[in-house]
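Since the structure comes first, as structure tokens, the remarks are kept for the end.
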Amino acid sequence: MGVRILLLGNGGREHALAWKLSKSHLLDSLYVCPGNGGTALEPKTVNVDLPPSDFPRLVDFAVANKIDLVVPGPEQPLVDGIETHFRKVGIPVFGPTELAARMEGSKAFSKDFMARHNIPTAAYRVFTNKQVNEAIDYVRTCAHKVVIKASGLAAGKGVLIPETTEEAIAGLQEMMVKNVFGDAGSEVVVEELLTGPEVSVLAFSDGYTIVPLPAAQDHKRIGEGDTGLNTGGMGAYAPAGVAKPAIMDRIMKEALRPTIDGMRREGFPFVGLLFTGFMLTPSGPKVLEYNVRFGDPETEALMLLLNDEVDLVSVMMACAKHHLDSVQIAVRPGFAVSVVLASQGYPGPYPKGKVIEFSPVPSNVVVFHAGTSKIGNDIVTSGGRVLAVSAYAPSIEEALEAAYVGVDSISFEGKTFRRDIGHRALDTTHDAAPGLTYAQAGVSVDAGNDLVERIKPYVRSTRRTGADAEIGGFGGVFDLKATGYNDPVLVSGTDGVGTKLRVAVDVGIHDLVGIDLVAMSVNDLLVQGAEPLYFLDYYGCGKLDVPVAAQVVKGIADGCRQAGCALIGGETAEMPGMYSEGDYDLAGFAVGAVERNRILPTADIAAGDILLGISSSGLHSNGFSLARKVVAVSGLSYDSPCPWNTDVTLGRALLEPTRIYISQVLPAAQSGLLKGMSHITGGGFIENIPRVLPQNLGCFVDASTWALPPVFKFLAHHGGIAPLEMARTFNNGLGMVIIVSPDNVDAAISALSKGEGTVYRVGEVTAKPGVEMRNLQHWSS
């Protein structure tokens with residue numbers, strides 16, 4: 001037995017869907033409730049005289065007639081929760097749940113959703129009817145033209161585009177005080193007026209996969225030249241030439257895919273047809289609004305564009321059963337248009353019952369009924385929009401010519417239509433896609449400027465002698481003479497934070513890696529006895545997320561203050577296509593100075609010198625490729641409570657920033673107490689300590705002289721990592737190793753103990769090259 005479908009609605013959209021559904025070999029019966037004068041003319045299709053808002057009666061009918069799928073046409077039943085009624089009796093619905101339908105039912109909700117998921121849209125504010133004075137103040141002071149939208153459903157007419165502030169105030173009073181749109185206007189969205197060509201994108205989705213159809217352009221105004229009152233739509237054509245492949249690619253990546261993924265993550269996955277309006281602004285496509293059903297009159301054109309092999313029954317069933325990726329949705333080359341024939345007076349009051357006379361139309365033309373009824377043998381008008389005459393042809397000109405031949409073959413008293421449907425497609429100078437801009441290439445100069453303004457207070461907080469820490473110029477300036485050095489040697493260092501960035505991105509904590517970035521460079525300066533003077537950063541990304549980047553720079557500024565150096569500049573590189581969404585990379589560059597006679601290491605390091613270790617704060621910024629692997633096999637996630645500190649998550653514990661040793665160690669170095677230092681980074685003790693020793697010398701490190709911190713015990717245990725491998729990978733609790741002569745041990749320990757890190761005596765310099773790790777079994781106890 002074939003599929004039995006209940007289609008709800010009585011407009012041109014529903015007739016177009018019935019026309020395409022009836023062509024399916026899978027279809028057994030199609031019931032249209034209530035239908036119109038045209039739907040019942042389709043094969044295997046009958047009209048059902050039931051109130052479409054009486055959900056219990058519709059469910060009873062569906063159960064009695066063994067309905068396999070329900071397809072609501074209009075938005076109101078979806079917003080009212082019809083999906084729930086049929087789900088309770090096991091009948092799938094091609095359409096969203098009541099929760100998901102809020103994307104159309106509440107413009108305030110949908111705008112907030114877009115803000116949460118960084119989906120491009122106009123700037124906006126939401127006001128309730130009790131905030132009318134605040135709304136009026138906003139339109140007076142916002143410094144841009146506005147669009148005023150009733151947040152609720154208003155039959156497609158709850159949008160005002162005032163030309164002046166006075167018109168905007170009058171519109172707010174009509175909506176919020178006079179209630180011209182009823183409950184729909186009890187909450188309003190006031191948003192920035194966007195400019196550019198407007199397109200509609202209809203896309204099938206099963207909650208996971210999303211498949212868009214060609215972009216369409218409709219004609220809202222009643223009069224030619226886009227004049228007069230707004231209507232439900234007087235015609236449409238597709239594909240819209242302004243929606244070039246690059247634009248459609250951005251629409252998919254920046255709006256449609258994030259919408260479907262965001263709805264699923266928030267617990268209300270979208271199933272059905274998502275109809276999204278876009279404005280193609282100079283900075284790229286921005287969402288105007290969401291609709292949770294097929295558009296009208298776009299559907300009347302798009303059904304003609306679907307390839308003959310596309311089985312709409314199969315597509316809708318695949319959406320409802322969450323396997324849309326198993327079916328093919330192809331469109332044929334060419335163009336389709338629809339021209340609406342309306343009753344005289346529409347969109348205001350209009351007469352009904354006018355007899356419609358039909359003559360034969362071209363073979364590539366289909367006449368879809370909208371506001372019609374069958375009385376006896378006559379088809380008569382019963383709505384504002386009466387018919388939609390649709391045509392398909394290889395070119396837009398041929399499609400329009402055929403459609404208007406069809407229009408001329410139909411007559412009824414008061415027939416009203418526009419003769420300029422598709423004029424945007426014919427006039428290449430009108431509504432043409434804007435010339436390419438840097439923003440359209442994916443680089444936002446505005447976002448970059450916004451970031452600079454946000455981080456200026458952080459940067460200024462790093463001022464020190466020699467630098468005013470102002471950014472925005474071509475280069476950072478530092479006055480070395482002002483620092484008071486007599487015979488300075490400059491020392492420079494550059495570094496990153498490795499794959500610790502991956503953890504930061506996954507956990508969503510971004511300021512701490514900024515501290516790491518500074519620490520990795522300034523600690524390298526310190527081992528040569530240098531005082532850090534200034535720092536510069538590099539931030540690379542595919543798409544600049546200003547709040548994230550600002551948090552990173554905040555951390556960099558924190559690190560600079562700890563190190564006593566000025567943040568005097570940096571580079572933010574937005575490079576579309578170079579990074580995955582949400583990812584970024586960091587690099588830092590530090591410059592310091594040391595008096596020539598205090599450069600470390602000294603030339604007199606000898607066997608018998610003592611190794612002191614200063615405690616680390618954790619992993620610091622090395623070994624994270626192995627640490628991430630250990631977490632992956634441990635059965636824990638970054639959101640799990642930290643095993644050694646349940647007050648924080650495991651992710652936050654791993655992100656503990658690298659200790660900056662400047663304030664603790666630099667005074668001892670400048671006093672001449674130290675012979676050399678080794679910053680324990682990647683390579684652990686085995687690779688890093690020899691870098692400071694003469695080639696003929698080595699050392700031993702006694703692992704029993706300090707306690708292995710819990711984070712390293714966790715990694716060793718869950719990763720099954722041997723102690724020697726730990727010693728050549730991680731800092732294991734000591735972030736800095738210092739070499740002093742036996743005579744200066746006590747003085748050095750006394751000087752170093754004034755800082756945050758704990759000081760340990762951990763080994764000696766030996767006459768044998770290399771690093772001997774002693775008592776490693778202590779780490780396993």
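Numbers here simply count residues along the sequence, with the first being 1. Both backbone and side-chain heavy atoms feed into the values below; hydrogens, waters and symmetry mates do not.
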Note to self: Evaluate H117 against M114 for side-chain contact (heavy atoms from CB on, under 4.5 Å), listing each step before the verdict.
What the structure shows: CA-CA 5 Å; H117 294 277; M114 286 183 264; over 6 Å; no
Next item on the list: Answer yes or no: is there a side-chain heavy-atom contact under 4.5 Å between D226 and R424?
Entry: yes
Check: Looking at side-chain heavy atoms only, is the closest gap between D511 and V552 below 4.5 Å?
Finding: no
Next item on the list: Apply salt bridge (charged side-chain N to carboxylate O under 4.0 Å, His left out) to the pair R257 and D261, showing each step before the final yes or no.
Entry: CA-CA 6 Å; R257 170 52 60 195; D261 290 345; 3.0 Å; yes
Margin query: If you define the side chain from C-beta out and look only at heavy atoms, does anything of L302 sit under 4.5 Å from L202?
Written below: yes
Note to self: In terms of relative ring orientation, are F204 and F294 parallel, tilted or perpendicular, with 30° and 60° separating the classes?
What the structure shows: perpendicular
Note to self: Looking at R293 and E75, is any side-chain nitrogen of the basic one under 4.0 Å from a carboxylate oxygen of the acidic one?
What the structure shows: yes
Next item on the list: Answer with yes or no whether the side chains of Y290 and T259 bring together a donor and an acceptor at under 3.5 Å.
Entry: yes
Note to self: As an exercise, state the distance from CG of N118 to CD of E581, rounded to the nearest 0.5 Å.
What the structure shows: 8.5 Å
Checklist line | Taking every non-hydrogen atom, the tightest pair across I148 and P162 | finding: CD1-CG, 4.4 Å
Check: Which atom pair, heavy atoms only, marks the closest approach of P269 to A100?
Finding: O-CB, 4.0 Å
Check: If you look at every heavy atom in Q344 and P351, which pair is closest and at what distance?
Finding: O-CD, 3.3 Å
Notebook entry, point to check: What are the two closest non-hydrogen atoms of I509 and R652, and how far apart are they?
Noted result: CD1-CD, 3.8 Å
Item checked: Note: D249-K253 ion pair, threshold 4.0 Å (strictly below) -> yes
Note to self: Could you go through Q217 and Y237, starting from their C-alpha distance and side-chain angles, then the distance that decides it, and tell me whether this counts as side-chain contact (heavy atoms from CB on, under 4.5 Å)?
What the structure shows: CA-CA 6 Å; Q217 282 193 313; Y237 69 95; 2.3 Å; yes
Notebook entry, point to check: Side-chain donor-acceptor pair under 3.5 Å between H510 and Y584, yes or no?
Noted result: yes
Note to self: Within the structure provided, determine whether F278 and E198 are in side-chain contact (heavy-atom separation under 4.5 Å).
What the structure shows: no
Notebook entry, point to check: Quick one: is the NZ or CZ of R102 closer than 6.0 Å to the six-membered ring centre of F268, and within 45° of its axis?
Noted result: yes
Notebook entry, point to check: With a 4.5 Å heavy-atom cut-off, do T195 and T281 have their side chains touching?
Noted result: no
Check: Considering all heavy atoms of both residues, which atom of L280 and which atom of P285 are nearest to each other, and what is their separation?
Finding: CD2-CB, 3.8 Å
Item checked: Side-chain H-bond candidate by donor/acceptor type, E453 with N449, under 3.5 Å -> no
Margin query: Around atom OH of Y208, are there more than 12 heavy atoms from other residues, nucleotides or ligands closer than 6.0 Å?
Written below: no
Checklist line | Note, L160 side chain near V147 side chain (heavy atom, < 4.5 Å) | finding: no
Next item on the list: Check step by step if side-chain contact (heavy atoms from CB on, under 4.5 Å) holds for K107 and Y124.
Entry: CA-CA 11 Å; K107 291 180 176 63; Y124 74 101; over 6 Å; no
Notebook entry, point to check: Are D545 and K543 close enough, and set up right, to give a salt bridge (charged side-chain N to carboxylate O under 4.0 Å, His left out), and what steps lead you there?
Noted result: CA-CA 6 Å; D545 185 325; K543 182 178 181 181; over 6 Å; no
Item checked: SB check K111 E191 (cutoff 4.0 Å) -> yes
Item checked: Greater than 12 external heavy atoms within 6.0 Å of E266's CD -> yes
Check: What do the steps show when you test R561 against S461 for side-chain contact (heavy atoms from CB on, under 4.5 Å), and what is the final call?
Finding: CA-CA 8 Å; R561 289 195 302 274; S461 72; 2.6 Å; yes
Check: With side chains defined as the heavy atoms from C-beta onward, is the minimum distance between T299 and R13 less than 4.5 Å?
Finding: yes
Margin query: Would you say that V201 contacts F275 through its side chain, given a criterion of any heavy-atom pair below 4.5 Å between the two side chains?
Written below: no
Next item on the list: Can you label the angle between the F55 ring and the H85 ring as parallel, tilted or perpendicular, going by 30° and 60°?
Entry: perpendicular
